[in-house]
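This report concerns only the one structure given below.
The structure presented is a predicted model; accordingly, all values stated were derived computationally and were not measured. So that the names make sense, note that chain A is the first sequence line, chain B the second, and so on, each numbered from 1.
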There are 2 protein chains.
Amino acid sequence: MTSEEKAPRPLGDLERVVMEQLWAAPDALTVRRVYEQVSTTRDLAYTTVMTVLDRLQKKNLTERERDGKAWRYRAAAPREEMAADLMRDALDRAGDRREALVRFVDQVSDEEAALLREALAKLEEREG
Amino acid sequence: MTSEEKAPRPLGDLERVVMEQLWAAPDALTVRRVYEQVSTTRDLAYTTVMTVLDRLQKKNLTERERDGKAWRYRAAAPREEMAADLMRDALDRAGDRREALVRFVDQVSDEEAALLREALAKLEEREG
DNA sequence: CGCATCTACGACGTTACGTAGTAGATGCTA
DNA sequence: TAGCATCTACTACGTAACGTCGTAGATGCG
């Protein structure tokens with residue numbers, strides 16, 4: 001517990017753009033599909049997108065399956081899960097968790113505080 | 001608001017070690033002091049520590065003041081504040097905040113959930 | 001069979017960071 | 001006040017991650 005894991009580097013810009021495509025899609029996407037989508041915003045080579053997808057795969061941020069000779073990629077976890085993981089990670093690096101949590105709730109908006117209470121209530125309900 | 005800030009890269013290993021010295025100290029430390037402390041664990045050159053401190057300064061993670069010809073460094077914010085900031089940042093990158101918060105509280109320990117409730121209660125008390 | 005398409009893999013530039021050396025400024029001390 | 005110790009400023013180099021792309025070879029389809 002409270003292990004000394006290495007901090008997951010935040011995604012690079014292009015990596016983020018690509019992940020967003022995957023998160024937005026209901027199904028697994030081919031490289032070409034991602035390439036087409038990303039192309040509407042950035043002028044990139046097909047292989048660039050392929051490389052990025054490949055690196056995301058190596059980082060276990062995606063899963064992929066064969067579709068003929070092509071790969072279809074999907075996000076390994078929903079965006080919100082990744083966000084939650086990063087929050088966890090940040091909390092793990094705090095010295096005093098209580099203090100960190102206090103400071104955290106101190107800086108969230110009222111709306112977010114409400115969502116947090118809601119989430120905690122749901123948790124209590126579920127776990128007793 | 002909800003701007004598209006750049007994700008703060010997590011600290012490098014040595015940067016973290018150095019920040020920990022600063023966080024642990026009640027007052028601002030000279031490079032030499034940090035060097036001495038860090039030296040008990042790692043075999044580094046004095047200038048290496050200086051460089052790291054300098055880079056942390058450029059990233060606004062420290063503040064410094066003159067003391068003769070030397071600089072004295074202190075952490076710009078407590079460790080818990082940085083943790084809270086990283087949590088905020090992670091939350092900002094989530095698509096659906098509600099979902100992200102649900103997933104977050106889902107993975108915290110019972111103890112942490114209790115601390116969170118406590119922090120929220122304190123907040124309510126203070127802000128009504 | 002041949003063309004279009006896909007992957008595999010290597011490559012190069014940039015930036016962050018770990019690491020350190022040198023030169024020159026500066027302050028204390030005999 | 002001359003000189004030594006110490007500090008900063010600046011430069012530099014290696015590595016790793018990432019943005020970016022090209023080439024070569026495998027593969028599926030008409």
Next item on the list: Please answer whether the main-chain N or O of A:Glu118 pairs with a side-chain N or O of B:Arg98 as donor and acceptor at a distance below 3.5 Å.
Entry: no

Item checked: Minimum-distance nucleotide (side-chain atoms of B:Val52 versus D:dC7, C:dT7, C:dG18) -> C:dG18

Check: For the pair made of OH in A:Tyr73 and P in C:dC6, what is the distance, rounded to whole Å?
Finding: 12 Å

Margin query: Quick check: on DNA chain C, is the nucleotide nearest B:Thr47 upstream (toward 5') of the one nearest A:Thr30, or the reverse? Name the residue that is more 5'.
Written below: A:Thr30

Check: Tell me: CG of B:Asp67 to P of D:dC7, nearest whole Å?
Finding: 10 Å

Notebook entry, point to check: How far does CE of A:Met19 sit from CG of A:Leu14, to the nearest 0.5 angstrom?
Noted result: 12.0 Å

Notebook entry, point to check: If you look at every strand shown and take non-hydrogen atoms under 4.0 Å, does B:Lys58 touch a base, only sugar-phosphate, or nothing?
Noted result: nothing

Notebook entry, point to check: Atom CG of A:Leu56 and atom C1' of D:dT20: how far apart are they, to the nearest Å?
Noted result: 15 Å

Next item on the list: Looking at every strand, decide which applies to B:Arg72 at a 4.0 Å heavy-atom threshold: base, sugar-phosphate, or nothing.
Entry: nothing

Notebook entry, point to check: Can you name the closest pair of heavy atoms from A:Phe104 and B:Ala84 and give their distance?
Noted result: N-CB, 3.6 Å

Check: If you take atom types as modelled and just measure distance, does the side chain of B:Arg55 reach the base of C:dG18 with a donor-acceptor pair under 3.5 Å?
Finding: yes

Item checked: Atom pair CD (B:Glu15) and CG (B:Leu53), whose distance is rounded to the nearest 0.5 Å -> 10.5 Å

Check: For the side chain of B:Leu14, counting heavy atoms from C-beta on, which of C:dG18, D:dA9, D:dG19 is nearest?
Finding: C:dG18

Note to self: For a side chain to side chain donor-acceptor pair (under 3.5 Å) check, start with the C-alpha distance between A:Ser39 and A:Glu36, then their side-chain angles and the critical distance, and finish with the verdict.
What the structure shows: CA-CA 5 Å; A:Ser39 287; A:Glu36 285 166 0; over 6 Å; no

Item checked: A:Thr48 vs D:dC21: side-chain N/O to OP1/OP2 distance below 4.0 Å -> yes

Item checked: Under 3.5 Å donor-acceptor pair, A:Thr51 side-chain atoms to D:dC21 base atoms -> yes

Notebook entry, point to check: Rounded to the Å, how far apart are B:Gln57 CD and D:dC7 P?
Noted result: 18 Å

Checklist line | side-chain N/O A:Tyr46 vs C:dT5 OP1/OP2, d < 4.0 Å | finding: no

Next item on the list: Could you state the atom-to-atom distance from CG of A:Asp43 to P of D:dG19 in whole Å?
Entry: 16 Å

Notebook entry, point to check: Hey, is the main chain of B:Leu120 close enough, under 3.5 Å, to the side chain of A:Arg117 for a donor-acceptor pair?
Noted result: yes

Item checked: Distance, rounded to the nearest Å, where A:Leu44 contributes CG and D:dC18 contributes P -> 16 Å

Notebook entry, point to check: Rounded to the nearest Å, what distance is computed from the CH2 atom of residue B:Trp71 to the C1' atom of nucleotide D:dA9?
Noted result: 12 Å

Item checked: Upstream residue (5' side of DNA chain D) when A:Lys69 and A:Asp13 are each assigned their closest nucleotide -> A:Asp13

Margin query: C:dT7, OP1 or OP2 - any side-chain N/O from A:Arg66 closer than 4.0 Å?
Written below: no

Notebook entry, point to check: Taking CZ from A:Arg33 and C1' from C:dT7, how many angstroms apart are they, rounded to a whole number?
Noted result: 20 Å

Check: Can you find a side chain N or O atom of B:Arg32 that sits less than 4.0 Å from OP1 or OP2 on D:dC7?
Finding: yes

Margin query: Using OP1 and OP2 only, check whether a side-chain N or O of A:Arg16 sits under 4.0 Å from D:dC18.
Written below: no

